[in-house]
K.L.:
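Have a look at the structure that comes next, please.
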Protein chains: 2
Amino acid sequence: MASKTLARWATNLTASSLPPPVRRAAIRSLYNYIGCAIGGSKHPAVIKAHDALQPFFGPATSTLYGSSGTVKADAQHAALLNGIASHVHDYDDTHLATIIHPTGPVASAILAYAEYKDAISGSDVLCALTAGIEASCKIGLAVWPEHYDIGWHITSSTGSIGAAVGVGKLMKLSEDQMAHAIGLAAVQVVGLREMFGSDTKSFHPGRAAQSGLLAALLAEKGYTSSSEALEAKRGWANVVAGGGTPRLEHYLSELGRKWEIESNAFKPFPCGIVCHPAIDGCIQLHHELRKQGLSPTDVQKVEARVHPLVIELTSKRTPKDGLEGKFSVFHGCAVALLYGKAGPAQYSDEIVCDSTVITIRDKVDATADQALSADETYLIVHLTDGSTLNKHIRHAIGSLEVPMSDEQLTEKFIDQATLVLGKDAARASNYAWKIGESGNVAEELRML
Amino acid sequence: MASKTLARWATNLTASSLPPPVRRAAIRSLYNYIGCAIGGSKHPAVIKAHDALQPFFGPATSTLYGSSGTVKADAQHAALLNGIASHVHDYDDTHLATIIHPTGPVASAILAYAEYKDAISGSDVLCALTAGIEASCKIGLAVWPEHYDIGWHITSSTGSIGAAVGVGKLMKLSEDQMAHAIGLAAVQVVGLREMFGSDTKSFHPGRAAQSGLLAALLAEKGYTSSSEALEAKRGWANVVAGGGTPRLEHYLSELGRKWEIESNAFKPFPCGIVCHPAIDGCIQLHHELRKQGLSPTDVQKVEARVHPLVIELTSKRTPKDGLEGKFSVFHGCAVALLYGKAGPAQYSDEIVCDSTVITIRDKVDATADQALSADETYLIVHLTDGSTLNKHIRHAIGSLEVPMSDEQLTEKFIDQATLVLGKDAARASNYAWKIGESGNVAEELRML
C-alpha cells in the first residue's frame with residue numbers, strides 16, 4: 001500500500017490546502033535553494049559538467065542559475081546542472097532528522113520543468129515542492145539510519161523519488177501515473193557516501209533531480225512500472241534498507257499530518273555545522289563590541305568552550321586557503337569578530353590569508369567540553385583593558401530552536417549571489433522571494 | 001585496489017591483443033544486439049519513451065535502430081532508447097553465470113557515442129565492447145548471487161559501470177579518468193526486480209547505458225569521483241552486496257585471463273529459456289518428418305518429457321495472444337513442428353490463434369521429469385501410421401555446449417528485423433556483421 005498511499009496523497013494535495021506554516025517553509029526552502037544554486041554556479045564542478053554536456057543540450061528552455069539569464073539548457077540538463085550547483089558548497093538546507101538536503105533534487109527538477117512548460121503558477125510550484133520534499137523525507141525516515149550507515153547518500157537516493165513526485169504534481173498526473181512515476185524513480189538509486197570529498201558528491205542531487213524528472217516524463221506518456229515499487233519484497237525500501245527494517249507504512253501514514261518541510265533547517269555559514277555556535281556567538285560579540293565603541297583590535301584573547309566534535313573536525317590552526325578555512329573554528333571566530341559575518345566572502349582564499357584576520361585568529365583558543373550539546377558554546381572575550389565579555393549560545397542560529405529569520409536568509413542569498421552576479425544579486429533576491437506569488441514562474445526564473 | 005585494477009586493465013586493453021575467440025564473441029554479441037535493438041524498436045515501451053523524450057533531444061547524431069536511418073537523437077537519448085529496445089522482447093544475450101544481459105547497456109552507449117564522434121573504427125568498438133562486458137560481468141560475479149537475490153536487476157546495476165568503461169575506452173581516457181568514470185557510474189545504481197513484467201524492466205538497461213555514457217563524458221572533462229569506488233567501505237560493492245561478501249579482488253584478478261564474453265549465450269527463441277530444449281527438438285523433428293516425406297498432419301500425438309520448471313512456468317494450454325504464447329511449451333512445440341521455426345513471427349497474436357497451429361498444439365503433451373537437466377528433453381512423436389520418432393536433446397541450442405552458429409544468428413536477426421524493416425532486413429544484417437571491420441562505424445550504423 002505504501003506506494004499507493006504516497007501517490008494518492010500527493011495527487012490529492014492542493015496548494016490552497018497547505019497550512020500557512022508549511023507554505024512559508026516552502027517559500028523559504030525555495031528561496032534558499034535559488035541562492036545556493038546561484039552561489040554554486042561558478043564552481044569548477046559545475047563548469048566541468050556544463051562543458052561535458054553542452055554538446056548534447058536540447059532546446060534551451062530552462063535557466064542555468066547564475067548565468068544572468070543568458071544561458072539556458074533543456075529541462076533535463078538544467079535540472080542536473082542546477083542540482084549540482086545547489087549542493088556544491090554544502091550550503092543548502094537540511095532535514096535534520098535524516099540529514100537529507102531535500103530541496104536540491106526536488107526544486108531543480110520542478111523549476112526546470114516549470115520553465116519548460118511556461119505556464120505554471122507559483123502556488124503550484126510551492127505545492128509540488130512540498131509534495132516532493134514530504135515524499136523524500138518520509139521515505140528517508142522509513143529507512144533511516146541503516147540506509148545512510150551502509151553508504152547511501154540519502155539526499156539523492158530519496159531525492160529522485162521526491163523529484164518525480166514534484167514534477168508529477170506539476171503535470172497533474174493521475175494517481176496511477178503518479179505510482180508509475182514513483183516506480184520509475186525508485187529504480188534509479190543515486191549516490192554513495194564514498195564520493196564525499198569529490199565532485200561526485202554534488203553530482204548526486206543533480207542526477208537525482210534529472211532522474212525524477214525523467215521518471216515523471218515517462219509516466220506521463222503511460223510508461224508502466226509497479227504500483228508497489230516502494231514496499232514490494234524486491235522493491236526500493238527492502239533493497240536499499242541496508243539490513244534495517246523499513247517503516248514505510250508508519251511514516252507515510254503521517255503524510256499531511258506531520259509536515260517534514262517544517263523541520264527543514266538552513267545553514268547560516270558555509271562551513272561544518274559544528275562550528276556554527278562559536279561563530280554565532282562571535283558575531284553577537286562583534287555587535288556588542290561596536291555598541292561599546294570597541295573594535296576587535298581591543299581584544300586580547302578569546303576563549304571558546306565547545307563540543308568535542310568541534311576540536312575533532314575543525315581545529316586547523318593555520319588554514320592556507322578558503323577550503324581549509326572551513327575546517328578552522330579559529331578562522332570562523334576571527335572573521336565573525338572582525339566583520340560580524342561569516343559568509344562565502346569570508347571564506348575566500350584572500351580573507352583566510354589576510355594578516356588582520358590572522359592576528360585575531362591567533363588570539364582564539366578552543367577547548368572541548370563533553371557537557372555541552374552539539375549546538376552550544378560558551379565564549380569569553382578578554383579585552384586589553386582587563387575586562388571581559390561573556391556569551392552563552394544555547395542553540396546556534398540555523399537550528400530548529402533558533403531558525404534563521406527571513407532577513408538572515410536574504411543576507412545569505414545576497415552574500416552568495418553577489419560573488420556571481422555582482423550588483424544584480426539584490427534584484428535576483430527580490431525575484432526569488434516572489435516566485436510563490438507568480439502567475440507563471442517562468443517569468444521570475446528568467447530574471448535570475 | 002579493485003577500481004584501479006579494473007581501470008588499469010581496461011585502459012591498457014588493445015584491439016590487437018584480443019584473442020581471436022574473444023574478438024569473435026564480441027562480433028557475435030554486437031551483431032545479436034543490433035538485431036534485438038531493431039526488433040524491439042516498435043514496441044510500445046520504446047514508442048512511449050521516444051514520445052516522452054523527443055522534446056528534449058539535442059543535436060541528432062546517433063541512429064535509433066529500426067527507424068530506417070531517418071530518425072536520430074543525441075547520443076545520450078539514443079543510448080537510452082536503443083537500450084530499451086534491445087531488451088524489450090527479452091531476446092538479448094545472457095552471461096549464464098550471472099544472468100546478466102551484458103551487451104545492451106554497453107553497446108547502446110558505445111555505438112551512440114561512436115556515431116556522435118564519427119571517427120571511430122570497428123576494431124576500437126569491439127575492444128570497447130569487450131572491456132565493458134568484462135567489467136560488468138566481473139563485478140557482477142563479485143556480488144553474485146546475493147545482489148540479485150535481494151532484488152537488484154543485475155543487468156543494469158552492473159551495466160552502467162560496463163557502459164562507462166566501454167565509452168571510456170573509445171575516449172582513450174587515462175587510467176585516472178577511467179577510475180573516475182567508474183566511480184561516476186557506480187553511484188548510478190539502476191534496476192529493481194520488482195519491475196519485471198512492466199515497461200520499466202527494459203528501461204533498466206537503457207538507463208544504465210545512458211548513465212555510463214554520462215559518467216564517461218564527465219570524467220573526460222576532469223570531473224572527479226573516487227579511485228576506490230568499487231571496493232571502499234561505502235563504495236559500490238559493499239553497498240549493493242545484499243548481505244553477501246563481495247569478491248572483487250578474486251574476479252578482477254582474472255581480467256584478461258578468463259574472458260566472460262566467451263561464455264555469453266544467445267537465445268534462439270523469444271520465449272522463456274526453459275522451453276528451448278523442447279522447441280529445439282521439435283524443429284529437428286520437423287526436418288526429419290520432411291525428409292521422410294511426412295508433414296505435421298501425419299502426427300497423432302507428441303509426448304515431451306521435460307524439466308519440472310517447464311511445467312511450472314510454461315504450461316499454458318490455451319494461450320490467447322502472442323505474449324501468452326511465450327508461456328506455453330505446447331505452442332512452442334506446435335510452431336516448431338509445423339514451421340521448423342519459433343521466431344518472433346511465430347509468437348504473433350495471429351499465429352497463436354491460428355487454427356492449424358491450435359490443432360497441432362492440442363496434440364502436444366508434456367510431463368515433468370526430475371531426472372532431466374534444465375536444458376534437456378526427450379520427445380516421442382506418434383505418427384498416424386502407428387510408428388514413432390524419438391529425439392533426445394541433451395543440451396538445447398543456444399546453450400554454451402551447443403552455441404548458435406553464425407547462420408542461426410543471422411536467421412534470428414533477419415526474423416526480428418523483417419518485422420520492422422521488411423525487405424531491408426537482409427541489408428541491415430550485412431552491415432551489422434561488418435561493423436567490426438569498419439574504418440568508421442558511424443557509416444555502417446547510419447545504414448541500419
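Atoms considered below: every heavy atom in the structure, side chains included; atoms not considered: hydrogens, waters and symmetry mates.
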K.L.:
Using heavy-atom distances under 4.5 Å, tell me whether Tyr116(B) contacts chain A through its side chain, its backbone, both, or neither.
P.N.:
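Answer is side chain: those atoms of Tyr116(B) sit under 4.5 Å from chain A.
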K.L.:
Between the main-chain N or O of Asp199(A) and the side-chain N or O of Ser225(B), is there a donor-acceptor pair closer than 3.5 Å?
P.N.:
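No, the answer is negative, given that no donor and acceptor are paired below the 3.5 Å cut-off.
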K.L.:
What residue in Pro55(A), Gly242(A), Gly243(A), Ser160(A) has the most heavy-atom pairs under 4.5 Å with chain B?
P.N.:
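Looking at each of Pro55(A), Gly242(A), Gly243(A), Ser160(A) in turn, Pro55(A) comes out on top.
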K.L.:
Determine whether Glu194(B) and Glu228(A) satisfy the following criterion, side chain to side chain contact (heavy atoms under 4.5 Å, CB included), listing intermediate values before the conclusion.
P.N.:
CA-CA 8 Å; Glu194(B) 167 60 14; Glu228(A) 298 174 355; 4.0 Å; yes
K.L.:
I need the contact set between residues 174-181 of chain A and chain B: heavy-atom distance under 4.5 Å, sorted by residue number.
P.N.:
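The residues closer than 4.5 Å to chain B amount to none at all.
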K.L.:
Residue by residue, scan residues 182-192 of chain B and write down, ordered by number, those that have a heavy-atom distance under 4.5 Å to chain A; if none do, write 'none'.
P.N.:
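Within residues 182-192 of chain B, near chain A: Gly183(B), Leu184(B), Ala186(B), Val187(B), Gln188(B), Val189(B), Val190(B), Gly191(B), Leu192(B).
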K.L.:
Given a strict heavy-atom distance threshold of 4.5 Å, which part of His204(A) is in contact with chain B: side chain, backbone, both, or neither?
P.N.:
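Only the side chain of His204(A) comes within 4.5 Å of chain B.
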K.L.:
Is Ile84(A) close to chain B through its backbone or its side chain, or both, or neither, when contacts mean heavy atoms under 4.5 Å?
P.N.:
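Contact with chain B is through the side chain of Ile84(A) alone.
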K.L.:
Donor-acceptor pairs under 3.5 angstrom involving side-chain atoms of residues 40-47 of chain A: please list them, not counting sequence neighbours.
P.N.:
from, atom 1, to, atom 2, distance (Å)
Ser41(A), OG, Ile38(A), O, 2.7
Lys42(A), NZ, Gly66(A), O, 3.4
His43(A), ND1, Ala45(A), N, 2.9

K.L.:
Taking all atoms of both residues into account, what is the closest heavy-atom pair of Gly151(B) and Arg234(A), and its distance?
P.N.:
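In terms of heavy atoms, the two residues are closest at CA-CD, 3.6 Å.
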K.L.:
Once ring pair (Phe, Tyr, Trp, His ring centres under 6.0 Å) is applied, do any residues pair with His77(A), and if so which ones, sequence neighbours excluded?
P.N.:
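With sequence neighbours excluded, His77(A) shows a ring pair (Phe, Tyr, Trp, His ring centres under 6.0 Å) to Phe57(A), given in chain and number order.
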K.L.:
Look at Ala208(A), Ala73(A), Ala52(A) and state which one has the largest set of heavy-atom pairs under 4.5 Å with chain B.
P.N.:
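Of Ala208(A), Ala73(A), Ala52(A), Ala52(A) has the most heavy-atom pairs under 4.5 Å with chain B.
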K.L.:
Given heavy-atom pairs under 4.5 angstrom as the criterion, report whether the side chain, backbone, both or neither of Ser157(A) touches chain B.
P.N.:
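Ser157(A) has no heavy atom closer than 4.5 Å to chain B.
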K.L.:
With respect to chain A, which residue among Gln76(B), Lys201(B), Met195(B), Glu220(B) yields the maximal number of heavy-atom pairs within a distance under 4.5 Å?
P.N.:
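Heavy-atom pairs under 4.5 Å are most numerous for Met195(B).
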K.L.:
For Lys48(B), is there any backbone N or O sitting under 3.5 Å from a side-chain donor or acceptor partner on Tyr223(A)?
P.N.:
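No; judged by distance alone, with no hydrogens or angles, the pair does not exist.
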K.L.:
Is chain B contacted by the side chain of Ser202(A), its backbone, both, or neither, given a heavy-atom distance below 4.5 Å?
P.N.:
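When you check distances to chain B, atoms from both the backbone and side chain of Ser202(A) fall under 4.5 Å.
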K.L.:
At a heavy-atom distance under 4.5 Å, which candidate from Ser211(A), Ala219(A), Ser156(A), Ala241(A) has the highest pair count against chain B?
P.N.:
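Result: the option with the highest number of such pairs is Ser211(A).
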K.L.:
Heavy-atom pairs under 4.5 Å with chain B are the metric here; pick the option from Asp149(A), Asp74(A), Ile150(A), Val240(A) that has the most.
P.N.:
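Answer, by heavy-atom pair count under 4.5 Å with chain B: Ile150(A).
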K.L.:
With chain B, which of Asn238(A), Leu214(A), Thr61(A) has the greatest number of heavy-atom pairs at distances under 4.5 Å?
P.N.:
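Counting heavy-atom pairs under 4.5 Å, the top option is Leu214(A).
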K.L.:
Quick one: do Phe56(B) and Leu217(A) satisfy side chain to side chain contact (heavy atoms under 4.5 Å, CB included)? Show the steps, please.
P.N.:
CA-CA 11 Å; Phe56(B) 305 96; Leu217(A) 288 167; 3.6 Å; yes
K.L.:
Against chain B, work out which of Arg193(A), Arg207(A), Lys221(A) has the most heavy-atom pairs shorter than 4.5 Å and name it.
P.N.:
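Ranked by heavy-atom pairs under 4.5 Å with chain B, first place is Arg207(A).
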